[in-house]
Structures are given as C-alpha cells and as structure tokens.
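Step one of this worksheet: look at the structure below.
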Amino acid sequence: MTELTKLNLAEARDKLVAKEITAQELTQAYVSAIEAARPLNAYVLETADKAIEMAKASDARLQKGEGGALEGVPLGIKDLFCTKDVRTTACSHILDGYVPAYESTVTANLWADGAVLLGKLNNDEFAMGSSNETSYEGAVVNPWRREGDDTQLVPGGSSGGSSAAVAAEIALATTATDTGGSIRQPAAFTGTVGLKPTYGRCSRWGVVAFASSLDQPGPITRTVRDAAVMLKSMAGFDPKDTTSVDAPVPDYETALTGDIRGLKVGIPKEYRVDGMAAEIDSLWQQGIDWLKQAGAEIVDVSLPHTKYALPAYYIVAPAEASSNLARYDGVRYGLRVDGENISDMYEQTRAAGFGDEVKRRVMVGTYVLSAGYYDAYYIKAQKVRTLIAQDFAQAYEKCDVLLTPTTPTPAFGIGEKLDDPLSMYLNDVFTVPANLAGLPGISVPAGLSANGLPLGLQLIGKTFDEETLLRAAGVLEEAAAFTAAPEAWWRA
Amino acid sequence: MTDTSNYIEGLTGSWEIVMGLEIHAQVVSNSKLFSGAPTEFGAEQNTQVSLVDAALPGMLPVINEKCVEQAVRTGLGLKAQVNLRSVFDRKNYFYPDLPQGYQISQFKDPIIGEGLVEIDLPDGSTKDVRIERLHLEQDAGKSLHDQHPSMSFVDLNRSGVALMEIVSMPDMRCAEEAQAYVKKIRAILRYLGTCDGNMEQGSMRADVNVSVRRPGEELGTRCEIKNVNSIRFIGQAIEYEARRQVEVIEDGGTITQETRLFDSKAGVTRSMRSKEEAHDYRYFPDPDLLPLVFTQEYVDAIAATLPELPDDKKARFVSDYGLSIYDAGVLVSEKVRAEFFEDVAKGRDAKMASNWVTGDFFGALNKAGLTIETSPVNAKQLGELIDLIKDDTISGRIAKDVFEIMFETGDDPAKIVDEKGLRQVTDLSAIEAAIDEVMAANPDKVQQAIEKPKMVGWFVGQVMKATSGKANPQAVNKLLAAKFPPSAED
Amino acid sequence: MSVDQNTVRKVAHLARIAVQEDELDHFAKEMSTILDWVEQLSEVNTDQVEPMTSAVAQNMRVRADEVTSPPLRDEVTRNASGAEDGFFAVPKVVE
Ligand SMILES: [Mg+2]
Ligand SMILES: [Zn+2]
C-alpha cells in the first residue's frame, strides 16, 4: 500500500478517474500511513472513519463517471479551517473542544469537488509562529533531519502540520494559511511546494482569523502542478467575504506550459541581506541561472523599503490579532475559567487559554492601538505598508515575477529559537513583504543545504497573476529536479 | 440676544445648562447591518442570531445595502453632508453582550457629516440645532441581570442590528429644547421611514451630555447620561443632573467626566460604577471590511425619493390651508397626524378640519389614552361628520354630541344622526310653531323682549331646548328677529 | 526599555489577560524588545503617504436586505459553557 502514497495528487487523480485505483484503497493507504506517522504530531485529529465514508461516496461517483476535480483525493486540513461537526481549535487551549456548526468556504469547495478529509493538521496557536512550536497540541516534528544527526527539527510555521504531512506523505496535499509566510516558509523547510494566493483569491470565511488584512488560505503540495489543481478548487468569489474578489478562476493547470521565454524575472537587490548563508545566496544564483537558461530575461529591481516590512508586519498583524482574538472570552464557546466577576472570568480564561506567543502578540497589538500610540505605531506601519506596495508596483513595471530565496536559513532545531522572538521573526523576512502588499507567492524546493536539509526559492507574482507565477514555478521545479526525500525514520 | 429665562439660579448666581445629544436610532431593515438574521422586536431569546452575530470563529461581516441607503436618506433629511467615502472602524471593549469583543462603528470617517435641524419649542418659536455627524454601527445584545441570583443572562437577538448614531452639537440650553430636539428627530426619522422611533421598545434612545457653566464662560465638564428611553425621562434626567452639577460646584467640588444612568423610579442620575475605569477603545479600521464608497448619482437618486418633511409640510399647511403656524406645527409634529389631517381636509374646509382634528379629536384621544392608530374614529368618518355640518344636516352643537357617540361606538356619523333622530329642523313652519309655543307660554318674557331686544337670546335658547337642539340656529334667529323687530329708538 | 511594569499591567487589563506580578518583568522585557525593534520605522519618511486601508483594490460590496439566516439557537449555543434556557450565562454583571 505504501506505493499508493508515493503518487502525487495529479497522478492519483488521473488513476482514480481511470479506475486504476479506488478512492477507498488510496484513503486506506493514507489512514495507515497517518497512524504510522504519529511521532511527527502532524495531525491533531484523525478522521479515519469519515475519510473512508467520503472515499466510498467518491468511488460511487467515480464509477458513474461523475467525479469532481478532486474526486477521491485525501487531504489534510489545517486546524484553522472550521469543519462542520469536526473539532476545530486553531490548536489553542482557549477553543477547547470547539465543534463548528458550519464549514469554511475553502473546505466546502474542496468537498464539493470530491476531496476526502483525512483529519485536522497541527499549526502554531492561532497561526502565530514560524516553527509550529506554539501549538497547544505540541510541536510538529519535521520529517527531515540533518545528515547524520538525529536532532528533531521544526517543520516551519505556522502551517507546520500541513508541510510535515505533505513531506511525510501522510496527505496527498494540505490546506494552509499564510499571514506572513506561514505557507511558503514551512514549504521551504520541508521540501514541499507552498502557494500563497493573492489576497482575496480564496475566501477567509470560516477560517479562524489571525490578521484579517494579511491572512490568505492556500495549498501545500508535492508539486507545482498539484498546487495548481488545489488552488483551482480552493479559490473563488465568496459573497460571505467582503474582501474576496469577484474574478473568474482560471484553469491554473493549463498555465503550466513550461514556456517562460521572454518572461521578465526581477531580482530585488534588497533581498541580499547581511549575514545570509552563502548556500542560500548560491542557491538563489542557481535559480537565476535556471530561469535564464529557460529563456527568461533577468532584470535587477529595487524594493527599497524591504527592510521595514518585518517591523511593519509586527505592528499590523498583532494589532489586528488583538482585536480578532477578543471574541475568545469564555462566554459563547471554548474554555471558561470561572472568576470572581465577569472581568476576572475574562482575565483568567484568557490567561489560561492563550499560550505565551499569543499573549505576547495580543499585548503588543493592544499597546500599539492604545491611546497615544496609535499614530506612532499603527498608522505609521500602514503608511510603510503603502510604500512597500508601491515598491512592488514600480518593480512590476520592469518585470513579471520576482525571484528570491524563501527563507534565510534551512529548518532549525526544536527549541532553538523559542526564547528569542526576534530571531524567530526573522524567518519571515523574505515572505512578509508579499503579505503586506497582498501579492501571490510560491515556494519551490530547489536544493539541499550543506547538511542535507531542503531549501526553497520563492517567486512573487503580480496581483491575481497566479498563472504566470505557477508557470515560472513549474520551470524552476523542473530545472531543480528536486527528488530528495526524508527517510521515514518515524516508522520505527 | 441671550435668553436668560432658562438659567438655573444657584446660591451663588446664575448657571447655564449646555447639552448635546447622541441619539441611537434603529434602522428600519429586514436583516441586520452585517448579517442575514432578522431584526423583529420581541422574538424568543437567541433565535435571531446568525453565526456572524454570535461572533463564532471565522465569521465575517457583509454590509446590508438597505442600511446604507437608510443612513443616506436620514442624512439628506437632516440637511447634512453625505460623505461619498466612509470607513468602518472597530471599537474594542469587553462586555458579555458584545460577542466580537468590538463594535463595528464609524469613528474617523462617518457616512454623514454636519447637518441642521429646526426644533419647535412649546411657545411656538423655533431654534436651530446643529448636527455634528451620523454614523452607522452595530447594536449590542442584551444582558439580563435579574433572572438568576449569581448569573447574568445574555440574549444576542439585538446583536448586530443596525443603528444610526446621530450626534448633535452642544446647542441646547434647557430640558424643553432637548425634548423638542428628540421629538423633531423622531418625527423626521418617521417621515423618512428610516426608524420607527419607538422608544419603549428601544428602537430610539438618547445619550444626553450635560454640563453647566456661568453664562458666557467656557464649557464645563460634561457628564453623559446613557440610554434614556422616553422624552419625559429626558426632561427629568436633565433637570436633576443640571441641579446636581450646580450643587457640586457651588459646594466647592468639581465635576468629573463620567457616564451616568437615569433611575426613572427614583428620578435621579447615578454614576455607572463598572464603567468608571478609563476606556481606551483602540479604534482602528475594520480589516474585514473595505471603505464604503458610493457616487453622487446614488445620493441624488435617494434624494429624489425623499418625502415632504415636517418643516416643509408645516409651511405648506400655513400657505395652502391657511392654518395658524401653531396648528400647522401640531399637525406636522407626527407623520400620522399630518396624514390624518390631510385625509380629513381633502375637499373640505381645511380650517374646520384642523379645528376638529386638533380640538375634539386629539382631545378625545388624549383623554382615552389612545393614538391615531388605535383610534375608534377614522379620518373618513371625521370628514363625513364635517360634511353633515356643512350641508346643514346637523348643527355644530349637535356635531359635538355625534362625535362623542362616534368615539364611543365607532359608528359612522350619518348612522348615528339617523338612529338618534338628530337631523336638524330646517322646516320654518315647525320652527315657527315652536316659537309661538314658547311665546304663548311666556307672555312676561315677550313683554320684556319687546322692551329690551337683548332678551331675544333667551327665546333662542328656549326654542333650541324645545327642539332638542335640532332647530337650525340661523332659522331660529331669523324668525325671532321678525317677531321682535328692533325699535326705532335703539 | 520602552515598556515598564505599570504599562504591562495596564495593557494586560485592556486585553483582559491576567498577568501575575512575577510575570510583569518578563512581559515588560519582551514587549520592549519588540517595540524597540519596530521603532526603526521612524527612519522612514512617510509625509504625504496615505496609510494602507486594504490589501484589495476594490470598493465594498453590499448585500441585499434579506433574511438569510434561519433561527440557529442550538448551533450558536451548543459550544457555550454556561448556556441556560437558551441564554448565554456569565457571572453576574454589576452596573
Ligand atoms: Mg456614543
Ligand atoms: Zn453608538
């Protein structure tokens, strides 16, 4: 059965349609693989029974030739997506036992296309983190290890369960969300493909909010093609989300022509940051060469406000989060810790229910919005955000996509950066600018570090131009021919 | 010219009250401001709560176009600036009936800017009150504190209902002005159909900002009396609060800016203890929403559908119907009154219609504690009564009796006149017979009347009595004049 | 250090998060580290720059004034710790 989980999404889909395999076989293979991979702690809830049931229904439809675009495809869902009658806690203690009576638009789209739910995936609490160590459900372990070293590494965050599950082949693909890099950075750390669509491309309805103006759902997959297939199903206008955009969803898969001749690829000089590892720099150069060889034109561009993206992000995101998380008060759902009075109940509930990182961000966010500081912090950051968006707009007058590294380092050890928030935040230095500007970005596995860990290259596209982004990513993927895979040490 | 009649006389001299009001008016709409839950009043607890209203994780607001239109309509009715671009902000605070932990409101860029309202004072004069702004916001749910010994219960049916907060400038100087202002705003909203103005059900409530100062000096520190829900209470709350503030200052104390509640049973305002802590609402633009932008054409299209508003109607009633400013004011003060009057007056003597509506009709309603909506007499019936007077079927005197019966029974006037035999006697011979009868029975009075023509009035009364008031008074007068010709000496 | 213990106390209360006395110093240090670091934004000249209000370049869509939500009392109260008689219940609020 292991062979079945080796198939990527597009392959499995084609075999399902051709009736070479059944959804039940495929799903059962994943259910077994998930059980065997529990040491990774990627899943916080396994829904095997439901998965088999859904697979049965898929098989019935496939038999009749009525299958949807993802008929019988087993997926893992980040625990930030509300799933009807299936526990959803955003991996926070404060949402203990929360069972939504509704289904997020994105997951509803996936089920409508025939996908199968394997379970809910671990993430940083409320998606606040870059290593998946802030989860109330415990850290996720990266399937990858350094060569000759048993140190447990982080899978990146906040979609660490999603990235680890794809890398460990315990889901065909997964959903994830990206607020400051939470799809692309974990993809880079696990040798997977992570696509953050344009803000407004996928509905946020039913996705537990972290920072509303930045959050964007997207897929983590094994291949660029898989990402294209997933995005087609996930995306779409949703009248329930005012910030979702009413634009037709193209067939992204057909955009993967492999032809990027004449494509102008911008190289932003400000991404060459001080102290960046030489291997990252040389990988970047390698990527430039690959695209050039494929016929792209390389253009030097400048994004002068890049270094201010991270500090602006760490004002805007916590500010929005402090307000978005005010609803977790113990009154209507989730954890309640009794108090002497209502205010005490709130304070005790939130003190017990939120982890350290969430508290830190809620407090910073509260501070920057409070009287006397609002203009100096929040308004200032939103102005800087305007400048960052303008930087991109100017760069896109000269090019079609940008190529950068995804992260400044490969995956690090669990616990290594936990005490140092700033160095943790620096993980997102290359990914955050796209969130601030609402642009689509993708991380493609491009090589291995000296100690054998995956490294990613990032492409950033123009607003709603995921097609060009995916086309370029496909070329990069092909050139990199990244075939390395982690050893399945967890199957002890 | 400064009006000193409203000053409060303290121990140390005169004080002027300064007031501004914030009125929260529930927008007339089928569904809530940002969700598809219904807005009807009085539903069972938590049955009108959508996933959005309960602030469940992942829920997002989507704005109701009708509420936007209603706000624009109201802005136009208040002769105010309509802002083509406005922004929704979050006002952050914790309270059990505020599920999101923030209220979506408009802070920096409201949908409606400055406007002007002319208020009608009891003495018949008018005064301008400036409007500072109007913004759209969500209502909160309801906390019930008396259902359980140690718990408060929360009902979220109102959570997310659209409110218009109408903020005035501090232009009012006495309780009557504040009351007249609320009445006028309520009338305008009702004319516009943007708020039902029902204060008992909470669809309109006022926060009153009261301060006192020495005449001509700087504004004093204000206290905000929250959620006063009747016009009478507004008057009482202001009277109490202004005197309280004067006493505090005259005793050497200072007023601290605070929120107070009016206790209508005790007739006093009290500091809200739990809200004493300094608020820091941390307003910021709601990132789930985008700026609200519309065109001038959109505004113009709404303006084209605006009904005639009270001030215009008043002017028309004076010029077209020849009513007094006072009567016109009384009639237009409520939309239903004006409509009732116009129904009665249609094709009839407007002054007579106005007299009947403002006099007997309103008097009877008042006495019975009824409203136009619950009145036993409708406009058509009152009009028919006037017709019976006009065509001499009954006299004005008899009409008052007929009206009383109409009000008791709800019957049509013609039916009452017929059944009770109240038709006016216009047959001259019958009247003459009655006169002759009275004269024959009272020779002494006849003699007196010949000497003193003023005594003829006595005969009028006797004849009316003899005919149970049904004799046409003009005919009686005419015939009596012939019997007692004025002497040449007079 | 930009944040002192008193500020932490104030902010924690605004955010309704109970913070023990012995945690104040820790929070103050962490918040200061972050706030001192974001301080670098003051280097950027933002005169004449409008703050970004949204990441999407469109005006707000509106929905029709229709009742689209059926009664959902069970759905909205099913996860509540203190629901009683169709109400949410909380420790008594004194006004
Ligand atoms: Mg107010
Ligand atoms: Zn308000």
Side-chain angles (χ1 to χ4, degrees), chain B residues 29-32 35-39 43-54 56 62-69 85 87-88 92 94-97 99 101 141 143-145 147-156 261 272-275 277 280 282 285 287 289-294, chain C residues 2-4 6-19 31 34-35 38 41 46 49-95:
Chain B
S29 64
N30 296 321
S31 61
K32 295 181 179 180
S35 88
T39 56
E44 213 181 300
Q45 62 270 23
N46 289 320
T47 54
Q48 299 192 151
V49 186
S50 74
L51 305 173
V52 174
D53 306 321
L56 300 182
V62 182
I63 198 164
N64 181 339
E65 65 178 347
K66 176 74 181 286
C67 298
V68 173
E69 185 195 321
R85 183 182 185 279
V87 173
F88 285 91
N92 295 283
F94 286 87
Y95 203 76
D97 61 21
S143 297
L144 305 158
H145 307 302
Q147 311 270 310
H148 189 279
S150 60
M151 306 293 272
S152 289
F153 284 175
V154 181
D155 169 18
L156 297 180
L261 275 182
M272 289 172 73
R273 274 179 297 142
S274 65
K275 302 237 168 167
E277 58 183 75
D280 187 339
R282 290 159 284 136
L289 296 166
L290 303 171
L292 177 64
V293 178
F294 41 73
Chain C
S2 49
V3 175
D4 58 20
N6 238 338
T7 308
V8 173
R9 229 181 254 122
K10 205 188 101 196
V11 169
H13 180 61
L14 267 180
R16 295 295 185 276
I17 295 174
V19 170
M31 286 179 68
I34 296 164
L35 291 165
V38 301
L41 292 188
T46 52
V49 179
E50 283 297 314
M52 194 155 176
T53 42
S54 168
V56 269
Q58 64 182 17
N59 293 332
M60 184 151 67
R61 267 191 323 273
V62 293
R63 52 165 243 279
D65 179 28
E66 283 159 9
V67 174
T68 52
S69 180
L72 294 171
R73 182 156 74 193
D74 293 343
E75 286 84 348
V76 298
T77 56
R78 78 182 196 186
N79 284 289
S81 321
E84 237 180 272
D85 203 17
F87 288 105
F88 298 101
V90 296
K92 196 158 207 101
V93 180
V94 189
E95 254 173 10

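Side chains are part of it too, since the values below use all heavy atoms of this structure and drop only hydrogens, waters and symmetry mates. Protein chains get the first letters and strands the later ones, always in sequence-line order, with residue 1 at the start of each.
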Task: Structural part of Asp74(C) lying under 4.5 Å from a heavy atom of chain B - done: neither
Task: Which atom of Asn59(C) lies closest to which atom of Leu290(B), heavy atoms considered - done: O-CD1, 3.9 Å
Open item on the list: I need the residue from Ala54(B), Pro149(B), Pro96(B), Ser150(B) with the largest number of non-hydrogen atom pairs under 4.5 Å to chain C.
Closed with: Ser150(B)
TODO: Give a yes or no on whether the backbone of Ser31(B) and the side-chain of Asp65(C) come within a donor-acceptor separation of less than 3.5 Å.
DONE: yes
TODO: Please confirm whether the backbone N or O of Asp85(C) pairs with a side-chain atom of Gln45(B), one donor and one acceptor, at under 3.5 Å?
DONE: yes
Open item on the list: Counting heavy-atom pairs under 4.5 Å with chain B, which one of Glu84(C), Glu75(C), Arg63(C) comes out on top?
Closed with: Arg63(C)
Task: Part of Ala15(C) within contact of chain B (heavy atom distance under 4.5 Å) - done: backbone
- [ ] Can you tell which part of Pro285(B) gets under 4.5 Å to a heavy atom of chain C, answering side chain, backbone, both or neither?
- [x] neither
Open item on the list: Just so I understand: if I count every heavy-atom pair under 4.5 Å between each of Lys10(C), Arg61(C), Gln58(C) and chain B, which residue has the most?
Closed with: Gln58(C)
Task: Check: Val49(B) main-chain N/O paired with Arg73(C) side-chain donor or acceptor under 3.5 Å - done: no
Open item on the list: I need the minimum non-hydrogen distance between Leu156(B) and Phe88(C), along with the two atoms involved.
Closed with: CD1-CE1, 3.5 Å
Task: Non-hydrogen atoms of Val93(C) and His145(B) that approach each other most closely - done: O-ND1, 3.5 Å
Task: Most contacts with chain B, counted as non-hydrogen pairs under 4.5 angstrom, among Gly82(C), Pro70(C), Ala83(C), Pro91(C) - done: Pro91(C)
Task: Lys92(C) side-chain N/O to His148(B) backbone N/O, donor-acceptor pair under 3.5 Å - done: yes
TODO: Please flag which part of Thr39(B) lies under 4.5 Å from any non-hydrogen atom of chain C: side chain, backbone, both or neither.
DONE: neither
Open item on the list: Out of Ala55(C), Ala64(C), Pro51(C), return the one with the most heavy atom pairs under 4.5 angstrom to chain B.
Closed with: Ala64(C)
Task: Minimal non-hydrogen separation, Asn46(B) against Gly86(C), with atom names - done: ND2-O, 2.6 Å
Open item on the list: Which atoms of Phe294(B) are under 4.5 Å from chain C, going by heavy atoms: the side chain, the backbone, both sets, or neither?
Closed with: neither
Task: Residue Leu56(B) versus chain C: region with a heavy atom under 4.5 Å - done: side chain
- [ ] Specify the closest pair of heavy atoms between Ser50(B) and Val76(C), including all atoms of both residues, with the distance to one decimal.
- [x] O-CG1, 4.0 Å
